[in-house]
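All values below were derived from every heavy atom in this structure, side-chain atoms included, with hydrogens, water molecules and symmetry-related copies excluded.
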Amino acid sequence: GGSIYVGITPFFSDMKNIKELKPSSLLWGSIHLDAQAPLTHAYINLTLNDQTLPFNLGNKWATTNTNKLPSWLDEAFLQVSMGSLYFSGGVKKVTWGRADVLSVLDVINPHNKTQLLSPDTVDKMGIPLLHFFAYTPHDIKMEVVFLPIFTPHLLAIEGRWCSIGMKQVAEFARTQTKEELSHVFGSDTAKFKFAHTGTRLSTTFANSHDVGFQYFYGHTKMPIVVRYNSFAIAEYLPVHHIGLDYGTAIGPVNLKLET
């Protein structure tokens, strides 16, 4: 299944000079295949837009290019179940926390920050990982994730979505071209020493109070840029992330808290 759309997202800045008009998108959509058997579940989803298609249907802004996977591959994983135990592996998105948007606990997947019109639930990037979860007695769900390599956020280094911080990085690193700036973010994070792992427990009390606890060890997905004598390089600091969340319904209102 899937869907394909044709359209354009206009910006006032594009109208200053019609000769330099650079449409943001003309074609976008997704194609997915979903196959299920009694004990297995296979899923693949491909993203189609002006940034992932090989031909130019819009303007392709330069990015940090930190994702080692094809940009058109959104998810591709296989899941095996044995009773209340589930194990999956592949390129996948995993959601932790309880907030619908702007969650401070949803720390597993990086985000594509080259298009700021998309909410954080849409721009999440699939990454290689192993995911185990089980439903134990007393309505307790236990999850474990393992990420063998590290993928940071994808950032724009030119164009309308290039942040002020990125321009400051270019000045700090003394880069003259977008190729030189992209090289600053060329740290090889696809190594086992950058592996991430974490666990999460969640349950429900009295059929109305949802609580969760999680611990995640990894690296900051936003880099810091360090300058040495003759070059500058992006580095990612190790981080321990501990979080709690709570959710309940008060009449027609859903209350969700994260910390």
Where is the tightest heavy-atom contact between [X] and [Y], given as atom of each residue plus distance?
X    : Y    : result
A234 : S187 : O-OG, 2.6 Å
T114 : A156 : CG2-N, 3.6 Å
V239 : T220 : CG1-N, 4.0 Å
F77  : V91  : CD2-O, 3.9 Å
F216 : I108 : CE1-CG1, 4.1 Å
I127 : L69  : CA-CD1, 4.4 Å

- Message: Can a donor-acceptor pair be found, under 3.5 Å and without considering hydrogens, that links the side chain of D106 to the backbone of W96?
- Response: yes
- Give a yes or no on whether the backbone of I224 and the side-chain of E235 come within a donor-acceptor separation of less than 3.5 Å. no
- Could you tell me which residues satisfy salt bridge (charged side-chain N to carboxylate O under 4.0 Å, His left out) with K256, sequence neighbours excluded, listed by chain and number? D100
- Output field: ring centroids F133/H131 closer than 6.0 Å: yes
Is it the case that over 12 heavy atoms from other parts of the model lie below 6.0 angstrom from the [atom1] atom of [X]?
X    : atom1 : value
H183 : NE2   : no
R227 : CZ    : yes
Q176 : CD    : no
E179 : CD    : yes
L237 : CG    : yes

Do the side chains of [Y] and [X] get nearer than 4.5 Å, heavy atoms only?
X    : Y    : answer
V211 : D245 : no
Y228 : I233 : yes
V107 : Q214 : yes
M166 : T64  : yes
F146 : H196 : no
L154 : P110 : no
T189 : P152 : yes
R200 : F213 : no

Give, for atom [atom1] of [X] and atom [atom2] of [Y], the distance between the pair rounded to the nearest 0.5 Å.
X    : Y    : atom1 : atom2 : result
T151 : N109 : OG1   : CG    : 9.5 Å
I242 : L105 : CD1   : CG    : 11.5 Å
S103 : E258 : OG    : CD    : 3.5 Å
R98  : T248 : CZ    : OG1   : 10.0 Å
S182 : I157 : OG    : CD1   : 4.5 Å
T63  : K178 : OG1   : NZ    : 10.5 Å

- Verdict with supporting geometry, F194 and H219, side-chain contact (heavy atoms from CB on, under 4.5 Å): CA-CA 7 Å; F194 285 99; H219 289 76; 3.8 Å; yes
- Residue pair K124 / T95, side-chain donor-acceptor N/O under 3.5 Å: yes
- Can D139 and T204 be counted as having a side-chain donor-acceptor contact under 3.5 angstrom? no
Following the transitive rule for hydrophobic clusters with a side-chain heavy-atom cut-off under 4.5 Å over Ile, Leu, Val, Met, Phe, Trp and Tyr, establish whether [X] and [Y] coincide in one cluster.
X    : Y    : value
L255 : L244 : no
V225 : L181 : yes
V94  : V144 : no
L155 : F172 : yes
Y215 : L201 : no

- Aromatic ring pairing F150/Y236, orientation class (parallel under 30°, perpendicular over 60°, tilted between): perpendicular
- Do E75 and K92 meet the salt-bridge criterion of a basic N to acidic O distance under 4.0 Å? no
- Can you check side-chain hydrogen bond (donor to acceptor under 3.5 Å, both in side chains) on H241 and Y217, steps first, answer last? CA-CA 6 Å; H241 189 281; Y217 168 78; over 6 Å; no
- Given E143 and T199, is the side-chain hydrogen bond (donor to acceptor under 3.5 Å, both in side chains) satisfied, shown in steps? CA-CA 5 Å; E143 296 182 71; T199 185; over 6 Å; no
- Item | CA sep, side-chain torsions, deciding dist, call: L147, T197, side-chain contact (heavy atoms from CB on, under 4.5 Å) | CA-CA 6 Å; L147 288 62; T197 188; over 6 Å; no
- Task: Check the pair T259 / Y246 against side-chain contact (heavy atoms from CB on, under 4.5 Å), numbers first and verdict last.
- Result: CA-CA 9 Å; T259 182; Y246 170 79; over 6 Å; no
Result block: side-chain N/O donor-acceptor pairs under 3.5 angstrom for residues 40-48, not counting sequence neighbours:
from, atom 1, to, atom 2, distance (Å)
H41, NE2, D34, OD1, 2.7
N45, ND2, D74, OD2, 2.9

